[in-house]
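Counting starts at 1 for both ligands and their atoms, following the listed order. Worth knowing before you read on, the calculation uses all heavy atoms, side chains too, and leaves out hydrogens, waters and symmetry mates. The model shown is predicted, which means the values in this text are computed figures rather than measured ones.
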Amino acid sequence: MARTDGGADDSEGHDDAVEAAFAAVASVAPEIRAGLPGRRTKGDETNPSGEHQLAADTYADDLLLEAMEGVDGVGTYASEERTKVIDVDEDGFGDGLSAAIDPLDGSSNLKPNNTMGTILALYDAPLPAQGADLVGAAYVLYGPITTMITARDGRVTECVVEDGSRREIREDVTLPDDPSVYGFGGRVPDWTRDFAAYVEQVEADPSMKLRYGGAMIGDINQVLTYGGVFAYPALQSAERGKLRLQFEGNPIGYIVECAGGSSSDGERSLLDVEATDLHQRVPVYVGNDDLIDLLEETLD
Ligand SMILES: O=P(O)(O)OC[C@H]1O[C@](O)(COP(=O)(O)O)[C@@H](O)[C@@H]1O
Ligand SMILES: [Mg+2]
Ligand SMILES: [Mg+2]
């Protein structure tokens with residue numbers, strides 16, 4: 001399902017802060033990328049979701065915190081790698097937008113040298129916040145080239161990141177009408193019966209090809225490019241799935257909805273899911289409207 005307004009509007013004057021936050025993430029993207037060699041192994045420390053952190057996860061997190069501290073209009077910083085929200089405004093009162101960041105998305109892809117990303121969500125509300133309070137979201141894709149997708153006010157733009165600056169390569173990015181890719185996470189035997197029934201229907205369409213890369217950002221960028229559906233579903237062993245609402249589900253739902261697609265937790269738009277905890281998980285289904293409608297009908 002898609003919300004009709006694609007999240008909160010930007011009329012309350014956050015334009016400069018949203019733009020500055022996008023620029024700040026772009027500015028550190030080359031440094032994050034350059035720091036990846038030598039930070040590819042897991043350490044003993046775990047993040048608040050209980051996953052072992054790579055040196056690269058915490059390295060990227062530190063750089064992004066520093067970058068957000070310099071952004072006027074951003075009041076707080078939270079990330080997948082930290083337990084608590086941090087005040088980053090000059091006065092230390094946390095006034096301004098809330099930035100929620102997945103510093104490295106798909107970090108288990110670092111060992112086999114595959115695609116990864118960085119995700120930014122900007123909420124006009126204290127964290128944890130509902131997706132409907134988003135005023136902007138973005139991601140960086142560390143692929144063969146570094147690109148960045150930004151979304152705000154119902155519009156999505158794709159840029160190449162060069163020397164820490166963005167050069168626009170595609171404006172008004174929308175999902176193609178003739179979807180051709182799908183990527184579904186979780187072990188197949190762990191899928192629910194209803195989700196397996198959905199997959200069967202998707203696979204019955206001869207124009208649909210499997211593309212699953214183990215980094216949501218890589219898979220989402222394929223959906224934005226070719227049209228289709230990405231899911232990290234509710235599992236028999238984990239009814240809330242794997243991905244995190246504040247750092248992953250909400251910003252990706254917002255971006256896909258701004259690009260004319262739909263998002264769902266199985267029942268409703270991701271942007272309508274109640275936020276109860278900073279690190280709460282949520283099943284994520286995003287893609288072309290028809291494919292998400294079919295998903296919601298099948299899971300009903
Ligand atoms: O290894 P799995 O179970 O396929 O999980 C892959 C999924 O988990 C993630 O890596 C989770 O993100 P993090 O790397 O930020 O923890 C997604 O990017 C990806 O879609
Ligand atoms: Mg992630
Ligand atoms: Mg991560």
Novice: Which parts of the protein, at residue level, reach under 4.0 Å of ligand 1 through a heavy atom?
Specialist: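 Lining ligand 1 at under 4.0 Å, by heavy atoms, one finds E51, E80, D102, L104, D105, G106, S107, Y212, G214, A215, M216, F230, Y232, K242, L243, R244, E248.
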Novice: Taking E248 first and then K242, would you say they form a salt bridge - that is, a charged N and a carboxylate O separated by under 4.0 Å?
Specialist: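 Between K242 and E248 there is no salt bridge, as every charged N stays at least 4.0 Å from the carboxylate O atoms.
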Novice: Show your reasoning for whether salt bridge (charged side-chain N to carboxylate O under 4.0 Å, His left out) applies to D62 and R82.
Specialist: CA-CA 10 Å; D62 289 342; R82 292 174 191 265; 3.1 Å; yes
Novice: Testing the basics here: between C258 and V156, what is the closest heavy-atom pair and its distance to 0.1 Å?
Specialist: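 Closest pair (atom of C258, atom of V156, distance): CB-CG2, 3.5 Å.
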Novice: Side-chain heavy atoms under 4.5 angstrom apart, residues restricted to Ile, Leu, Val, Met, Phe, Trp, Tyr: same cluster for V173 and I145?
Specialist: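 Different clusters.
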Novice: If I consider every N, O or S atom in E248, which one ends up closest to the Mg ion (ligand 2)? I only need its name.
Specialist: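 Relative to the Mg ion (ligand 2), the closest nitrogen, oxygen or sulfur of E248 carries the name OE2.
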Novice: Is G106 close enough that one of its N/O/S atoms sits under 2.8 Å from the Mg ion (ligand 3)?
Specialist: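 No - counting backbone and side chain alike, G106 has no N, O or S atom under 2.8 Å.
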Novice: Less than 6.0 angstrom from the centroid, inside 45 degrees of the normal: does R39 satisfy that with respect to the ring of Y59?
Specialist: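 Pair R39/Y59 counts as cation-pi.
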Novice: Does the distance from a Lys or Arg side-chain N to an Asp or Glu carboxylate O, for D102 and R244, drop under 4.0 Å?
Specialist: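 Looking at D102 and R244, the cut-off is not met.
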Novice: Between F195 and F184 (judged by ring centroids, cut-off 6.0 Å), do the two rings come close enough to count as a pair?
Specialist: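 Centroid distance F195-F184: below 6.0 Å, so yes.
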Novice: Quick one: the O of L104, the Mg ion (ligand 3), OE1 of E80 angle, rounded to 10°, please.
Specialist: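 Here the angle at the metal atom is close to 180°, to 10°.
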Novice: Return the name of the atom in D105, of element N, O or S, nearest to the Mg ion (ligand 2).
Specialist: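 Result: OD1.
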Novice: Are E158 and R166 close enough for a salt bridge, meaning some N to O gap below 4.0 Å?
Specialist: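 No, no charged N to carboxylate O under 4.0 Å.
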Novice: Considering just N/O/S atoms, say which atom of D102 is closest to the Mg ion (ligand 2).
Specialist: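 Looking only at N, O and S atoms of D102, the one nearest the Mg ion (ligand 2) is named OD2.
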